[in-house]
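To start, the structure under review is shown below, and the notes come after it.
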Amino acid sequence: MDRLVIRGGRRIEGSVQVRGAKNAALPQIAAALLSFERLELGNVPEVTDVDTMLALMGEFGMVATRGSGRALALDAREARNAVAPYDMVRRMRASILVLAPLLTRFGSARVSMPGGCAIGARPIDLHLKALDALGAEIDIEAGYIQARTKNGGLRGGRVVLTTPSVGATETALMAATLARGETEILNAARDPEVCDLALCLTAMGAHIQGAGTHRMLVQGVDALHNARHDLLTDRIEAGTYAVAAAITGGNLEILGAHLEHLGSVGAVLESTGTQIWPTDRGLMVVRSGPLQAIDVVTEPYPGFPTDLQAQFMALMTIASGASVIRETVYESRFMHVPELGRLGANISLQGSTALVRGVERLHGAEVMATDLRASVSLVLAALVAEGETTINRVYHLDRGYESLDRKLVQCGADIRRVAE
Ligand code: EPZ
């Protein structure tokens, strides 16, 4: 297990390239199972979660071939129905996204329940309700979801989501694509990654309206065809680099980033005294003045993304004043708090609210990564901590960031990766 050794005190400057979104790649790889023809994805990030999803696809006989320039060819012509085993599903919750394509393609599916997660209970009830609304019969047996269709497959229907769940919207969308008739998805998630899945499915021949709004309409089609689709760039990766520039008082051009994908993040960063504006190649982020503390509440898109909460908290640890951060999407996404405390941050927790009192400076220490976004918040804090910080278990980081340490070093950081 690798660890990172970071010596703080350097500004992050220059430019960095962000790649395709992990949270767009995972559902689209699963969606390839819906087709008897090839799907070619472009701009696929080299992160371990993608490898984990491809390993699961291997269980179903899908052939995945990585090409040059982050191309990925997916061939499910010879796919076979198989069980999505606990041992694979427990490693990555997004594995649940194979349920709808398997059920749609084979008329039945047996997928392990995902099990616990560091950031919250994360139930999958909305995924199952969505499939039930399209005519599936679902049982839970021995920790496995056993789903089957009746009378020749799924049929169009009305899916009403009690919360705009990203995953449940994607499950409903994939199932509706080949269901007989029309499906209406209400209170759908509006995230850019959901829109990108809709674009990919449309390139494969699906009929989808309303992506990016709370009401989506899908006309089922008989079959999908071969297609090519480039993944949108990763707004969470872009937001992470924006915080790296803001926390170090640097100036950074983030190539491939889109301000509109960042939703309210742009305005939030500006309120801290950081300038952010679009360029021809992406986004420019500069902070030269004092860093102001401000409050944030995480919400479904286009609200402030929960996947940037930990990074933003790291920023607030050295801001002048106090910041109240409320996490409303997950019930326990504060694993980074005690670790930031080891670096000298002053954070108190009350249920789903954190009060961050800005300190003069942080100090290097040995810390432990616990999940993907918590681990990157430790990297950001270490960039400004006095002395050396050692971050253990950075495999969490590699799940969703492509070469983060190498990219930060290219922008001026002092980081060494130490293989254990
Ligand atoms: C996606 O997870 C992302 N993962 C998460 O990113 C992200 O945090 C999340 O959306 C919210 O933006 C991927 O896209 C692979 P949800 P997902 O269903 O789909 C509750 C990262 O760091 N809920 O929108 O699992 C749930 O408990 C990861 O890259 C139900 O109650 O998120 C949560 O509180 C972490 N029942 C809320 O909805 C359900 O059936 C939002 O979850 C489903 C969800």
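Note that ligands are numbered from 1 as they come in the structure, with each ligand's atoms numbered from 1 the same way.
Contact atoms of ligand 1 toward D307: 5 (C), 6 (O), 7 (C), 8 (O), 21 (C), 22 (O), 28 (C), 29 (O), 35 (C) (distance under 4.0 Å to a heavy atom of the residue). Every atom of ligand 1 is numbered from 1 in the order shown, and the set under 4.0 Å from a heavy atom of I124 is 39 (C), 40 (O). Applying the 4.0 Å criterion to heavy atoms of H127 picks out, from ligand 1, the atoms 40 (O). The contact set between ligand 1 and G167, taken as ligand atoms under 4.0 Å from a residue heavy atom, comprises 18 (O), 19 (O).
Between Y330 and ligand 1, an N or O atom pair is found at a separation short of 3.5 Å. Taking only nitrogen or oxygen atoms, main chain and side chain alike, E331 does not reach within less than 3.5 Å of ligand 1. Considering backbone and side-chain atoms together, E170 places no N or O closer than 3.5 Å to any N or O of ligand 1. Residue contacts with ligand 1: V329 is placed with a nitrogen or oxygen under 3.5 Å of a nitrogen or oxygen of the ligand (distance criterion only). For ligand 1, the polar-atom distance check against T163 finds no nitrogen or oxygen pair separated by under 3.5 Å.
Using a 4.0 angstrom heavy-atom cutoff, R122 counts as in contact with ligand 1. The closest approach between a heavy atom of R333 and any atom of ligand 1 is below 4.0 Å.
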CA sep, side-chain torsions, deciding dist, call: S348, V337, side chain to side chain contact (heavy atoms under 4.5 Å, CB included): CA-CA 8 Å; S348 46; V337 169; over 6 Å; no
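For atom 29 (O) of ligand 1, the closest non-hydrogen atom on the protein side is R373 NH2, 2.8 Å. With hydrogens left out, the protein atom closest to atom 40 (O) of ligand 1 is L126 N, 2.7 Å, a heavy atom. Closest to atom 18 (O) of ligand 1 among all protein heavy atoms lies S165 OG, 2.6 Å. The protein non-hydrogen atom at the shortest distance from atom 15 (C) of ligand 1 is N23 OD1, 3.3 Å. When only non-hydrogen protein atoms are considered, atom 36 (N) of ligand 1 lies nearest to D125 OD1, 2.7 Å.
Distance CD1/I185 to CD/Q209: 12.0 Å, rounded to 0.5 Å. Atom CG of residue L259 and atom NE2 of residue H261 lie 10.5 Å apart, to the nearest 0.5 angstrom.
Side-chain contact check for N81 and S108: at least one donor-acceptor pair (N or O, by modelled atom type) lies under 3.5 Å. A side-chain donor from one of E253 and T279 sits under 3.5 Å from a side-chain acceptor of the other. Between the side chains of T163 and S165, not a single donor N or O lies within less than 3.5 Å of an accepting N or O. With 3.5 Å as the limit, one finds no donor-acceptor pair spanning the side chains of H396 and S375.
Because its NZ or CZ atom is not both nearer than 6.0 Å to the ring centre of Y395 and within 45° of the ring axis, R3 does not count as a cation-pi partner of that residue. Note that R110 lies in the cation-pi zone of Y144, set by a 6.0 Å cut-off to the ring centre and a 45° limit from the axis.
Residue-level proximity to ligand 1 for V166 is carried by backbone and side chain together, each with a heavy atom below 4.0 angstrom. Only the side chain of K22 comes within 4.0 Å of ligand 1, counting heavy atoms alone; its backbone N, CA, C and O stay farther away.
Atom 43 (C) of ligand 1 has its nearest heavy-atom neighbour, among P123, A94, A168, in P123.
Annotation for R158: atom CZ does not count as buried by contact number, only 12 or fewer foreign heavy atoms lying within 6.0 Å.
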Which donor-acceptor pairs under 3.5 Å do side chains of residues 56-64 form with protein atoms, sequence neighbours excluded?
none

Pair up each side-chain donor or acceptor in residues 305-319 with any protein partner under 3.5 Å, not counting sequence neighbours, and list the distances.
| unit_1 | atom_1 | unit_2 | atom_2 | d |
| --- | --- | --- | --- | --- |
| T306 | OG1 | E327 | OE1 | 3.0 |
| T306 | OG1 | E327 | OE2 | 3.1 |
| T306 | OG1 | R333 | NH1 | 2.9 |
| D307 | OD1 | R333 | NH1 | 2.7 |
| D307 | OD1 | R333 | NH2 | 3.3 |
| Q309 | OE1 | H336 | NE2 | 2.9 |
| Q309 | NE2 | E327 | OE1 | 3.0 |
| Q309 | NE2 | R333 | O | 2.9 |
| Q311 | NE2 | T240 | OG1 | 3.1 |
| Q311 | NE2 | D307 | O | 2.9 |
| Q311 | NE2 | Y401 | OH | 3.2 |
| T317 | OG1 | A314 | O | 2.5 |

